[in-house]
Amino acid sequence: MLKKIIEKIIEGSVKNKFLIILFTIVIIGIGVYALSKIPLDAIPDLSDVQVIIFTEYPGQAPQVVEEQITYPLTTAMLAVPYAKTVRGYSFFGLSFVYIIFEDGTDIYWARSRVLEYLNFVSGRLPQGVTPSLGPDATGVGWIYEYAIVDRTGKHDLSELRSIQDWYLRYELQTVSGVSEVASVGGFVKQYQVEVDPNKLLAYNIPLHKVSMAIKRSNNDVGGRLIEMAETEFMVRGRGYIKSIKDIENISVGVDKNGTPIMVKDIAHVSLGPELRRGLTELDGEGEVAAGIVIMRYGENALKVIHNVKKKLEELKKGLPEGVEIIPVYDRSGLIERAIDTLREKLIEESIVVALVCIAFLLHFRSALVAIFTLPVGILIAFTIMFYQGINANIMSLGGIAIAIGAMIDAAIVMIENAHKHLERDRGKKDHLTIIVDATKEVGPALFFCLLIITLSFLPVFTLQAQEGRLFKPLAFTKTYSMAAAALLSITIVPVLMIYFVRGKIIPENKNPINRFLIAAYRPVINLVLRFKKSTLLIALIILVASLYPLKKIGSEFMPPLNEGDILYMPTTLPGISITKAKELLQQTDKIIKKFPEVHRVFGK
């Protein structure tokens with residue numbers, strides 16, 4: 001029954017040659033479009049679907065943060081639908097809660113569910129504490145990092161950090177595909193009010209009254225409207241703090257004589273750095289400010305990086321004199337190298353297959369039919385990848401590389417069978433009938449053979465978690481390529497054979513390569529058939545002997561990847577001060593930078 005269906009498809013394709021060729025051209029066009037638009041990355045994204053809740057509780061010890069922030073949030077998030085793991089981490093003044101969802105959960109659906117449960121738990125948190133969601137990104141979202149330096153010495157670290165926070169960060173967040181631009185290093189500038197406790201006691205003023213007075217005075221207020229000379233004027237009280245003097249002149253209260261008590265009477269006001277928990281260092285030469293660009297989930301990494309670099313070039317024009325932006329991590333190089341290497345290997349493999357076809361068939365136009373199925377089959381695979389949302393990486397392209405050799409098998413066998421029929425029936429039947437008979441004779445068997453190879457990767461689709469995310473792209477592309485080859489073998493291949501398999505065709509027994517290989521093959525096959533038991537025994541011994549090296553060979557989750565970047569992560573004793581950490585970081589960076597192979601060292 002199935003054989004008859006395949007034969008009817010072959011006959012229908014031959015009868016409707018124009019439609020088959022037209023459909024093939026359309027498929028090629030769609031494939032070229034998909035190939036130009038498909039997202040590019042170096043490796044598949046192996047990270048889980050997760051949502052991060054970040055909460056600041058300034059000045060509080062980790063134990064307090066754990067009890068008042070992390071624990072209430074963690075217990076509330078356990079009830080979020082499809083959440084399989086909830087992890088909480090408490091630090092000095094900071095709380096992180098990670099909610100990891102089941103595979104296949106839409107990240108934006110997960111974020112909306114977490115927001116719902118945050119509204120429910122917000123009443124159990126201390127007053128003034130507001131949790132926020134982390135960026136809609138994954139663990140491999142760190143695609144670009146840069147340092148901001150001033151080699152002239154005109155700008156200090158606080159000014160460099162201000163350039164990052166108030167200029168670069170907001171502009172880069174407008175780039176399509178960027179989820180967040182995180183600032184790190186430098187000093188965050190703040191107004192600092194250093195209160196004298198003796199003066200507070202003398203004036204009988206509690207500390208919270210000073211804090212409330214400053215908050216109350218840092219505000220603009222509206223006073224509705226007044227009408228003058230047939231015109232309305234909006235009344236506004238301007239009260240935002242703009243300088244140290246503004247803070248110094250804030251009234252905290254009055255003394256027993258009714259004289260106003262100003263902030264400057266009880267405290268010293270100055271500009272200073274905020275307490276920091278991290279720093280960045282470049283090349284062992286000293287501290288810098290820096291920015292980390294995080295890509296949004298599901299975006300094209302290479303495209304986003306190129307747009308970020310283009311935006312940075314535009315922003316350089318607005319930087320103060322002497323300030324430079326130095327790239328310290330750029331994943332686009334790894335992506336381009338990985339894709340270029342695979343592209344070269346795919347082209348080389350296709351050329352080798354083409355040369356083998358020409359050498360064995362000794363008929364260029366016949367070989368062209370077989371070669372034609374390779375690019376078309378690959379384009380079909382890319383089309384399905386594009387619309388399924390699978391990006392092009394070393395695993396997905398590896399699936400196509402594995403499939404290339406088998407994709408062309410059906411076309412070669414069909415062409416060779418057509419050559420046999422032409423040798424035997426040329427002059428007895430017309431050319432069209434000979435080609436159709438030849439394709440119908442082997443077409444069904446070849447189609448099902450390719451279909452079996454296509455289904456061979458089905459067990460890979462049962463893999464879960466990280467191993468599934470790593471190997472499924474390879475299985476998908478291998479399956480799509482083989483399925484495309486099977487479809488082409490019973491549609492466009494018979495049509496092309498009618499036009500190209502004609503002219504002088506050299507018989508197999510006159511091909512010198514074929515004759516040599518057959519002459520070398522026959523003695524071997526006769527020998528193994530003569531000593532069947534010995535052959536089986538030798539094969540069994542080799543199989544058993546291979547078990548020992550198999551046990552000793554070792555294993556890795558992923559093969560080594562020559563990225564060109566090395567992460568060095570030293571560990572110190574808990575409680576180390578940031579001053580000592582800075583000293584160790586700078587010494588380490590300076591030592592690493594001395595190696596001639598090292599171009600840049602960026603420490604955090």
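The shortest distance between side-chain heavy atoms of Y117 and P81 falls below 4.5 Å. In this structure the side chain of V140 reaches within 4.5 angstrom of the side chain of R331, judged on heavy atoms. At least one side-chain heavy atom of Y146 sits under 4.5 Å from a side-chain heavy atom of L168. Residues R169 and S183 have side chains in contact (heavy-atom distance under 4.5 Å, counting atoms from C-beta outward). Between V121 and L118, some side-chain heavy-atom pair lies under the 4.5 Å cut-off. N249 is listed as a side-chain neighbour of K264, based on a closest heavy-atom distance under 4.5 Å.
The salt bridge (Lys or Arg N to Asp or Glu O under 4.0 Å) test applied to D265 returns no partner, not counting sequence neighbours. With sequence neighbours excluded, no residue forms a ring pair (Phe, Tyr, Trp, His ring centres under 6.0 Å) with W166. In this structure, the ring pair (Phe, Tyr, Trp, His ring centres under 6.0 Å) partners of Y89, at least two apart in sequence or on a different chain, are Y98. Annotation: side chain to side chain contact (heavy atoms under 4.5 Å, CB included) contacts of L271 (sequence neighbours excluded): K189, Y191, I244. Qualifying salt bridge (Lys or Arg N to Asp or Glu O under 4.0 Å) partners for K593, counting only residues two or more places apart in sequence or in other chains: none. Taking the ring pair (Phe, Tyr, Trp, His ring centres under 6.0 Å) definition, one finds that F54 meets it with F96, sequence neighbours left out. Considering only residues two or more places apart in sequence or on other chains, D136 meets the salt bridge (Lys or Arg N to Asp or Glu O under 4.0 Å) condition with R296. E102 pairs by the salt bridge (Lys or Arg N to Asp or Glu O under 4.0 Å) definition with nothing, not counting sequence neighbours. With sequence neighbours left out, the side chain to side chain contact (heavy atoms under 4.5 Å, CB included) criterion links P197 to no other residue.
To the nearest 0.5 angstrom, Y568 atom OH is 8.0 Å from I591 atom CD1.
The main-chain N or O of G185 is found under 3.5 Å from a side-chain atom of R161 such that the two form a donor-acceptor pair. Between the N218 side chain and the I214 main chain, no donor and acceptor come within less than 3.5 Å of each other. Between the side chain of E56 and the backbone N or O of G93, no donor-acceptor pair lies under 3.5 Å. Checked by atom type and distance alone, the side chain of D48 never pairs as donor or acceptor with a backbone atom of Q50 at under 3.5 Å. Using modelled atom types, one side-chain atom of D220 and one backbone atom of G239 make a donor-acceptor pair closer than 3.5 Å.
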Set out, in order, the CA-CA distance, both residues' side-chain angles and the distance that settles side chain to side chain contact (heavy atoms under 4.5 Å, CB included) for V263 and E248, then state yes or no. CA-CA 5 Å; V263 170; E248 289 178 336; 5.5 Å; no
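Dense packing is recorded around CD of Q388, with more than 12 heavy atoms of other residues, nucleotides or ligands lying under 6.0 Å away. For CD of E314, the number of neighbouring non-hydrogen atoms (other residues, nucleotides, ligands) closer than 6.0 Å is greater than 12.
In terms of heavy-atom proximity, H155 sits nearest to E159 at CA-OE1, 3.0 Å. Minimum interatomic distance between L200 and L207 (heavy atoms only, all atoms of both residues): CD1-CD1, 4.1 Å. Of all the heavy atoms in A475 and V460, the pair that sits closest is CB-CG1, 3.6 Å.
Here E583 pairs with K580 in a salt bridge; the nearest charged N to carboxylate O distance falls below 4.0 Å.
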Let me have the donor-acceptor pairs involving side chains of residues 298-313, under 3.5 Å, with sequence neighbours excluded, atom names and distances please.
unit_1, atom_1, unit_2, atom_2, d
N300, OD1, L40, N, 3.1
N300, OD1, L302, N, 3.3
N300, OD1, K303, N, 3.4
H306, NE2, E336, OE2, 3.2
N307, ND2, K303, O, 3.4
K309, NZ, D330, OD2, 3.0
K309, NZ, S332, OG, 3.3
E313, OE2, K316, NZ, 3.0

List the atom pairs, with distances to 0.1 Å, where a side-chain N or O of residues 278-294 and a protein N or O form a donor-acceptor pair under 3.5 Å, not counting sequence neighbours.
unit_1, atom_1, unit_2, atom_2, d
T280, OG1, V288, O, 2.4
E281, OE1, G284, N, 3.0
E281, OE2, G284, N, 3.1
E281, OE2, E285, N, 2.8
E281, OE2, G286, N, 2.7
D283, OD1, V601, N, 2.8
D283, OD2, R600, NH1, 2.9
E285, OE1, R151, NH1, 3.4
E287, OE1, R276, NH1, 2.6
E287, OE1, R276, NH2, 3.0
E287, OE2, R276, NH2, 2.9
E287, OE2, K582, NZ, 3.3

Run the side-chain donor-acceptor check on residues 62-74: report pairs under 3.5 Å with partners two or more places apart or on a different chain.
unit_1, atom_1, unit_2, atom_2, d
Q63, NE2, E67, OE2, 2.8
E66, OE1, S90, OG, 2.5
Q68, OE1, Y57, OH, 3.0
T70, OG1, S90, OG, 2.7
T70, OG1, S95, OG, 2.8
T74, OG1, T70, O, 2.7

